[in-house]
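Remarks on the structure that follows.
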Amino acid sequence: MSSEKSKLLLVPIEILARERDSRILISLKLLKLNPEWKIILGRTDMVGSYWRNKNDNKKFIFLSKGPNFSKSYFQKLINKNGYYFLLDEEGAIFSKFVEKNWNRGGKNNDLVKYISKILFWGNITKENYFQNHKDFINEEKIEICGNPRFDLGKKNYRNYFRFLSNKNDQTNFIMIDTAFAVYNNIVSLDAQREHWTKVIKYTGRGDIAANQWYNVTKKTYDFQSKLFPKFIEGIKYIARKLPDYDFLLRPHPSEDVNTYKRNLEEIKNIKISNHDSAVSKFIDAKMIIHNGCSTAVEACLGDIPSICFLPENSVDQIQELPRKISYIVENKEDLLKKTLNIFSEKIDKKEFSIFKEKIKPHIDNIDYDSSDKIAKIINNFDFSRNSEIDFDKTLKGYLEKYLPKSFFNILVSFKKLFNKKDRASTTAAFKKRDKIKFEKLTLSDLQLRVNAFSEVIKDLPHIKLVEINKDLFELKVD
């Protein structure tokens with residue numbers, strides 16, 4: 001396919017284990033639908049550098065994984081002929097506390113008008129966005145299409161993961177999926193506070209200021225600090241009571257795995273790992289135990305039951321949807337009973353149907369593939385539409401507009417150097433966390449996953465993969 005005719009999609013990935021498979025799936029469905037597309041996929045900062053350093057006028061779609069509060073960012077993207085599509089990776093699963101204090105995408109955010117398409121997980125998120133940004137959003141911008149992460153939890157994608165792991169048998173172990181990313185974060189709360197105080201630039205678009213961030217986050221930290229030791233105690237209890245059962249504990253990608261290794265080192269039938277996606281693990285599990293985690297939703301779509309273990313409970317702090325579609329247990333004795341009950345009795349399929357009805361308003365792709373719908377939306381997008389942005393009336397905006405480009409770039413370089421020194425005390429911890437969230441993406445791994453998807457996607461064309469740079473790749477039809 002000649003580069004003149006091809007269309008361009010940029011696909012950034014922040015958390016490899018969470019996003020890699022679903023973003024590859026969208027890419028392959030799009031290439032199957034229309035071989036004229038070229039796709040650039042890779043680590044978020046590498047994809048960002050790719051479009052910033054483009055020297056041509058070729059139009060492209062940037063498939064973002066979260067909201068952005070910088071007008072300067074949108075100015076640069078639009079000036080490079082980019083169209084911003086938002087497929088939020090934090091799209092529908094929140095606690096009541098987060099929904100009240102931390103609106104995703106902000107409130108009355110005028111930058112919403114520069115987003116070409118917002119791909120909502122479900123109708124509830126859509127309605128909330130319309131309430132929060134009623135002056136800047138319209139029906140033409142929005143699509144309800146779920147999220148491909150929840151395609152992958154369904155049974156028809158199990159052969160994909162079987163191909164990757166080269167396993168055919170189910171081991172029926174118990175998977176424990178934890179969500180203590182505030183209390184047990186790789187970066188301490190104090191280090192995060194110091195860092196965000198220097199980094200966060202409050203824009204007044206409903207985003208959260210640095211001092212607000214700490215005050216809000218501290219409440220969740222305090223709750224999780226009470227729940228965590230009781231949760232660990234319950235896991236130890238059932239693991240000791242069930243020595244012939246295997247357990248896999250999978251922490252959230254932002255959690256410190258060593259905390260669990262220290263607490264559970266004497267329990268020999270518990271393996272601890274957050275390598276690869278949750279779905280790739282739970283397809284071999286008999287059940288999941290969690291403390292309010294989106295993995296429970298993914299598992300439910302694959303008819304795998306979940307226990308939400310809450311020895312310390314909070315109506316506000318626990319993620320709402322995972323709790324609604326799980327069996328609630330509040331002490332270690334009942335946790336053991338319910339675990340044995342699930343192993344000894346077959347779960348009625350009607351229960352899963354009831355759970356899925358609860359999921360539908362939040363995550364729409366219960367009965368269809370989100371990846372198919374998103375591929376069609378991207379393919380049908382009208383590139384002849386003008387995407388314009390008005391002047392950024394900030395000091396930076398004026399400097400960028402009126403100063404010679406070379407002089408402005410010198411100022412930017414000095415600022416980066418100053419910020420680097422100012423943030424040196426906290427940067428190392430964040431780099432460590434980022435490396436864990438995105439270890440590496442290799443050509444061989446990407447090729448393996450494309451081959452695995454070819455086992456479940458009928459008539460997938462031959463895909464050519466090219467490594468552009470470290471953690472950055474091109475996908476196109478050969």
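- Using modelled atom types and a 3.5 Å distance limit, the side chains of Asn184 and Asp256 yield no donor-acceptor pair.
- Remark: the Glu474 side chain and the Tyr50 side chain contain no N/O donor-acceptor pair separated by less than 3.5 Å.
- Under 3.5 Å, the side chains of Asn185 and Glu255 contain no donor-acceptor pair of N or O atoms.
- Side-chain contact check for Glu455 and Asn451: no donor-acceptor pair (N or O, by modelled atom type) lies under 3.5 Å.
- Aromatic pair Phe231/Phe180: centroids less than 6.0 angstrom apart.
- Considering only residues two or more places apart in sequence or on other chains, Phe473 meets the ring pair (Phe, Tyr, Trp, His ring centres under 6.0 Å) condition with none of them.
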Atom pairs and distances, donor-acceptor, side-chain atoms in residues 235-244, under 3.5 Å, two or more places apart:
residue: Lys236; atom: NZ; partner: Asn263; partner atom: O; Å: 3.1
residue: Arg240; atom: NH2; partner: Glu266; partner atom: OE2; Å: 2.9

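- Taking the charged nitrogens against the carboxylate oxygens, Glu265 and Arg262 have no contact shorter than 4.0 Å, which rules out a salt bridge.
- A salt bridge does not link Asp478 with Lys464: every distance from a Lys NZ or Arg NE/NH1/NH2 to an Asp or Glu carboxylate oxygen is 4.0 Å or more.
- Checked against a 6.0 Å centroid threshold, the rings of Tyr73 and Trp51 count as neighbours.
- Identified under the salt bridge (Lys or Arg N to Asp or Glu O under 4.0 Å) test for residues 296-306, with sequence neighbours left out: Lys155-Asp303, Asp303-Lys356.
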Discussion item. Applying side chain to side chain contact (heavy atoms under 4.5 Å, CB included) to Ile176 and Leu248, what does each step give before you reach the verdict?
Written reply: CA-CA 6 Å; Ile176 305 160; Leu248 171 64; over 6 Å; no

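- Looking only at atom types and distance, the side chain of Thr295 has a donor-acceptor partner in the side chain of Asp177 under 3.5 Å away.
- Geometrically, Lys96 does not engage Phe94 in a cation-pi contact defined by less than 6.0 Å to the ring centre and at most 45° from the axis.
- Centroid-to-centroid, the aromatic rings of Phe381 and Phe85 come within less than 6.0 Å.
- Partners of Asp88 under the side-chain hydrogen bond (donor to acceptor under 3.5 Å, both in side chains) rule, at least two apart in sequence or in another chain, are Arg104.
- Contact annotation: the side chain of Ile325 never approaches that of Ile354 to less than 4.5 Å [non-hydrogen atoms, C-beta and beyond].
- Inspection of the Trp121 and Asp364 side chains reveals no N or O donor paired with an N or O acceptor under 3.5 Å.
- Residues Ile118 and Val112 meet the side-chain proximity criterion, which asks for heavy atoms closer than 4.5 Å.
- When each of Glu14, Glu90, Glu19, Glu89 is tested with Lys65 by the rule side-chain hydrogen bond (donor to acceptor under 3.5 Å, both in side chains), just one qualifies, namely Glu14.
- With sequence neighbours left out, His290 forms a ring pair (Phe, Tyr, Trp, His ring centres under 6.0 Å) with no residue at all.
- By the 4.0 Å N-to-carboxylate-O rule, Glu143 lies close enough to Lys117 to be salt-bridged with it.
- Under the rule for a ring pair (Phe, Tyr, Trp, His ring centres under 6.0 Å), the partners of Phe453 that lie at least two apart in sequence or sit in another chain are Tyr160.
- Between Ser64 and Tyr84 there is a side-chain heavy-atom pair separated by less than 4.5 Å.
- Side-chain contact check for Thr178 and Tyr260: at least one donor-acceptor pair (N or O, by modelled atom type) lies under 3.5 Å.
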